[in-house]
Amino acid sequence: MKKGGAGRFLLSAAALMITALSIWGPEALAEYKDRAVLNQIHTQEAPAEGEGYRYRLGMAEKLHILSKCLEGQHPAEGRTERGEVPEDYQEGTYAFIINHRGPSGKEITQEQIYTVCEDGMARLKELGILPGEVREIEKEDYDAVLYSAIDVPDPQNNVAVWKISLTASQANADRRNRLIDAYIDADDGRIYEFYARTSLSWEEIDPDEIMRQWSAYMGLGEAQPYESDNPLMENTPCYKRYSVPGAERTIVTVGFYEGINELFLKIS
């Protein structure tokens, strides 16, 4: 066959193949894909229902929600997950609910919280927020309860906290230099509130320095002294209040109960 004839033959063959592929190709490809998908089980990760609570709040927002939940309210019983409000909950616009279902797998666990608390106390001592003489906690002497602090109109805005408390069985035990209560963030272990016995007197305590260090530890801006219009809010004359920056005002009180020598830092 001559070269020209061979070239024309190849061009004709190529044209026929292209035409065939344009007609039968899509159908064959679709059939191939169907065989790869049909009659087989395939898995794909998807966000789990109810994970809206993973919405990340800033520390000032967390602090405000927790303060509103703790302010004048008592913890409510209810089988609830974080960010879930029981249907029969009627009290106010903030709910402070005992979380009986436990951590979701992303928060600090019951087994971890005691070590986390000790680590947090050690950090507060380093910063001069907590007196160095306060003893380390012993697991058998303390109770740990997980709570959800929830903004009820917008439940995705919530804070999971552990409350560590000296157990009732230690009511008559020596409480000198012991942690009495603490509220601890269940995500990162930072300590929001604490009550601790100490041998110090109020005159030996510098509330301004405690507040300055605690604000930095919490990742907040500089706190300002706050003069309350209600002098009867505290049942001790030894205290100083501060307003921390944020979209909503949150008050932090550094105080001291004389007689029992108990230093506290609380939010409200």
Side-chain angles (χ1 to χ4, degrees), residues 52-78 80-86 89 91-104 106-108 113 116-117 120-121 123-124 129-130 143-165 179-196 210-211 213-221 223-224 226 228 233-234 239 241-255 264-268:
Y53 76 85
R54 298 311 302 176
Y55 171 76
R56 294 187 65 84
L57 295 170
M59 183 51 68
E61 295 172 294
K62 282 185 167 186
L63 199 67
H64 182 72
I65 291 170
L66 181 58
S67 73
K68 296 298 290 185
C69 289
L70 294 177
E71 188 179 55
Q73 296 191 29
H74 299 286
E77 292 283 351
T80 177
E81 293 181 341
R82 179 175 177 177
E84 174 185 306
V85 184
Y89 190 83
E91 185 180 348
T93 57
Y94 290 89
F96 192 48
I97 308 296
I98 297 175
N99 187 338
H100 290 288
R101 296 182 183 178
S104 68
K106 298 182 180 180
E107 294 100 3
I108 295 165
I113 187 58
V116 170
C117 182
M121 289 172 59
R123 181 59 180 152
L124 294 188
I129 299 169
L130 193 66
D143 295 321
V145 181
L146 181 63
Y147 291 92
S148 290
I150 308 170
D151 179 354
V152 176
D154 193 0
Q156 73 169 347
N157 294 336
N158 63 85
V159 186
V161 293
W162 283 99
K163 182 181 181 183
I164 296 286
S165 302
L179 179 74
I180 304 302
D181 288 303
Y183 284 97
I184 303 171
D185 191 292
D187 288 327
D188 61 23
R190 279 184 280 192
I191 297 176
Y192 290 106
E193 280 197 9
F194 66 81
Y195 293 77
I210 289 176
M211 189 64 213
Q213 293 288 356
W214 182 83
S215 293
Y217 160 77
M218 296 298 289
L220 301 167
Q224 299 297 324
Y226 174 75
S228 172
M233 288 179 65
E234 298 294 341
Y239 69 89
R241 289 200 183 95
Y242 304 85
S243 175
V244 298
E248 301 284 350
R249 183 176 65 188
T250 302
I251 307 304
V252 180
T253 305
V254 178
F264 65 85
L265 185 150
K266 69 176 184 178
I267 57 176
S268 62

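This chain uses plain numbering: 1 for the first residue, then up along the sequence.
Cys69 approaches Ala149 most closely through the heavy-atom pair SG-CB, 3.6 Å. The nearest pair of heavy atoms linking Gly120 to Ile191 is C-CD1, 3.7 Å.
Residues forming a side-chain hydrogen bond (donor to acceptor under 3.5 Å, both in side chains) with Ser165 (at least two apart in sequence, or on another chain): Asp181. For Glu193, the side-chain contact (heavy atoms from CB on, under 4.5 Å) partners are Leu70, Tyr183, Tyr195, Lys266, Ile267, not counting sequence neighbours.
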- Query: Could you go step by step and tell me if Met59 and Asp188 meet the side-chain contact (heavy atoms from CB on, under 4.5 Å) rule?
  - Reply: CA-CA 11 Å; Met59 183 51 68; Asp188 61 23; 4.1 Å; yes
- Please test Val244 against Met211 for side-chain contact (heavy atoms from CB on, under 4.5 Å), starting from the C-alpha separation and ending with a verdict. CA-CA 10 Å; Val244 298; Met211 189 64 213; 3.6 Å; yes
- Task: Evaluate the side-chain contact (heavy atoms from CB on, under 4.5 Å) criterion for residues Thr253 and Phe264: first the C-alpha distance (whole Å), next the side-chain angles of each, then the deciding distance (0.1 Å), finally the verdict.
- Result: CA-CA 8 Å; Thr253 305; Phe264 65 85; 4.0 Å; yes
- Is there a side-chain contact (heavy atoms from CB on, under 4.5 Å) between Lys62 and Tyr192 once you walk through the steps? CA-CA 10 Å; Lys62 282 185 167 186; Tyr192 290 106; 3.4 Å; yes
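Checking Ile65, Leu66, Ile150 one by one against Phe96, the side-chain contact (heavy atoms from CB on, under 4.5 Å) holds for a single residue, Leu66.
Judged by distance alone, with hydrogens and angles left aside, the side-chain atoms of Trp214 form no donor-acceptor pair with the main-chain N or O of Leu265 at under 3.5 Å.
Counting only heavy atoms from C-beta outward, the side chains of Arg190 and Ile184 never approach each other to under 4.5 Å. The closest side-chain heavy-atom distance from Cys117 to Leu179 is below 4.5 Å. Side-chain contact check for Asn158 versus Ser148: every heavy-atom pair is 4.5 Å or farther apart.
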